Amino acid sequence: MAKNDKEKEQKSDYGAKDIFVLEGLEPVRKRPGMYIGSTGPDGLHHLVAEIVDNAIDEAMAGYAKNIEVTLLPKNRVRVSDDGRGIPVDIHKQTRKSALETIMTTLHAGGKFGGGAYKVSGGLHGVGASVVNALSSYMRVEVCKDGSLYAQEYERGKPKANVKKIGKCGANGTVVTFEPDAQIFSEIEFNGERVLGRLRQQAYLTRGVRILFADQRAAKDASMAGERYAFYFEGGIKSYVKHLNRDITTIHDTVFYAERMVNEVQIEIALQYADDLQARELGFANNIHTPEGGMHITGFRTALTRVLNDYARKNSYLKQDEENLIGEDAREGLTAIVSVKLKETQFEGQTKSKLGNPEARTAVESFFADAFAMYLEENPADARAIAGKVILASKARKAAKAAKETILRKGALDGMTLPGKLADCQSKSAEESEIFIVEGDSAGGSAKGARDRRTQAILPLRGKILNVERARLDKMLTSKEIKSLVIALGAAIAEEFNIEKIRYHKIIIMTDADVDGAHIRTLLLTLFYRYYRPVVEAGFLYIAQPPLYKISRGREFRYAYSDAQKELVLKEMQSKFKVQSSKFKVKEEDENPLIDEEQLSEVESGIGEQFKGFNIQRYKGLGEMNPDQLWETTMDPAQRLLLRVSIRDAAEADHIFDILMGDEVAPRKSFIQTHAKAVKNLDI
Ligand code: TTJ
């Protein structure tokens, strides 16, 4: 901004607002939740997003090209950019450096830091000063026109004035901060979480290069030593291709359009796949809006209208046929709608629904024109899309007719409980539990182990479940899933009624191996998509069978994780020493059960000192006898159950992977986004 403009802006804005600008940071420390949402892990990670957003703003203004985010030891984070650098000149009203004002006063961002270009902004768009207030330590360095300036802070208070500390090369800003343990319940950052957010930001800010490095000690962090680089030439167009990477698309040209309409910046990309899901991701000022809002409403209205017009004009719809409905138009669709506007209103339960009505009108009119033009200009793509949505509408009508026939015949009324279900005797849902187990052999053990008064067992055949998650609709036609639906007693989809559920504890009990994890994921996805109220009610659980049985002589203990195994070994050893001196227990030659594998585990684990222990690794539930299964996993008095949260279930669902990063997902995309060298990583 030119100096003249700046003075003008200050003059015209002079008044009450300037008093506001001078407000200190005490309120932030007093009520942190008001500014960052919470002081738990969400709030903690919000700090990183908030600082990164400043650098993203500078990139969107066209000045910064590279952003680096580094997780450092001692829970510090460093964020840098190669933009113009935060202004360091003395500000008239405060008589302090602009840098100090930005970092130590509330709501200064709009006036000093951003103004016109400030559109990124985190959850509440609160700015760097809030992060400063909630950091036990912060340091800002600015390189401007060859001079390096720096200032440090403690809990938001400057330790000294802004000082020129030397010379430097290219302009830019570096912020390092350490969250305050007095404020946050937990100050350790989750590398995957930071990375996921950075990937998303990179997709949403075309042409910016974001580097991530985790420089923490290996013992402290699962991503220690990792480096990632994100750069997407195509922005959200690349994002759509990424989302569709392992499903079959039905046309080649990804639709992409952007424009500023009445001060709303709009960017939309979309492509159809041959499946039944609708994947719509909305963003407002780079913030994901899972609850949708005005931008999504405008988009949907225009999409349905344009496709209806096209279908009529080109005789896909006959004169006497009904219009397509929104659901038809969205079947198989992958779309990203990103809007940027001056002042966002976020509404809804989680404040993630865009409320600005101007976003609806702007998106609706612009997208309708742009999409109609795309259909004209890409006739092959248009034909494929029209064919798909017409098919969707026919399938919907056919399904409805079939359902009505079935209901008329009363087929659903007399549905008997599946033969494989070993039901419990109790008819009270509150005290009843159902264990969903994988395979008939585990089912057998579980049936032998259970308390038949309150515990039901339903074995599902793993192989049948082993279908793609994207094909979940097909999965619903499987016999196995039908058994589950009938056993639960609450029907599904529109007929679902939680009042009718027959068990208040639905417990997924799978093996602790890859197949078990896969089946668990599928079941979680199923519950997330079709039985969400069950998850919300807290009825869904995951059983925790032990991984190891550790025994020495007649004594034995179970361990549920590798860490616990080590602990148990240590405890048992010290106990054994005491006992052996007291009772002169014979050396363990008595126990010839150690096989090669177990021995090597003992040795590689903690070495010589634990020889003589027998460590059995359970490969499946079927390996346990009913008594063991009961006492370790099923006995309400002793077992450990994990209650599934809606977030856990959502994470199992594909769309959530996509958003949060997918390091465990297909190798192919992993390689494309994970790079040690900085290259053009566009996909
Ligand atoms: C403000 O207008 C004049 C030129 O510089 C503008 C500015 O503030 N740029 C800016 C801020 N670039 N980078 C930042 C920034 C970067 C990080 C990592 C953190 C913070 C708080 C600001």
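As the structure is a computational prediction, the values presented were derived from the model and not from experiment. Note that ligands are numbered from 1 as they come in the structure, with each ligand's atoms numbered from 1 the same way.
Distances from atom 17 (C) of ligand 1 to the heavy atoms of Thr176, Val88, Thr173 show the closest one on Thr173. Between Asn132, Ile56, Asp81, Asn171, it is Asp81 that holds the heavy atom closest to atom 12 (N) of ligand 1.
The shortest N or O to N or O distance between Gly85 and ligand 1 is under 3.5 Å. Below 3.5 Å of separation, one finds no N or O of Ser80 facing any N or O of ligand 1. Taking any N or O of Glu58, backbone or side chain, at least one lies under 3.5 Å from an N or O belonging to ligand 1.
Glu68 has no carboxylate O lying under 4.0 Å from a charged side-chain N of Arg78, or vice versa, which leaves the two without a salt bridge.
Nearest heavy-atom pair across Asn190 and His45 is N-NE2, 2.9 Å.
A cation-pi contact links Arg209 to Tyr231, judged by a cut-off of 6.0 Å to the six-membered ring centre and 45° from its axis.
From Asp81, atom CG reaches atom OH of Tyr63 across 13.0 Å, with rounding to the nearest 0.5 Å.
Contact atoms of ligand 1 toward Ala128: 21 (C) (distance under 4.0 Å to a heavy atom of the residue).
Contacts between Val79 and ligand 1, counted as non-hydrogen atom pairs separated by less than 4.0 Å, involve both the backbone and the side chain.
Under a 4.0 Å heavy-atom criterion, Gly83 is not in contact with ligand 1.
A 6.0 Å sphere centred on NZ of Lys144 holds more than 12 heavy atoms belonging to other residues, nucleotides or ligands.
Tested against Phe367, the residues Val306, Thr301, Leu303, Val261 include a single side-chain contact (heavy atoms from CB on, under 4.5 Å) partner, Leu303.
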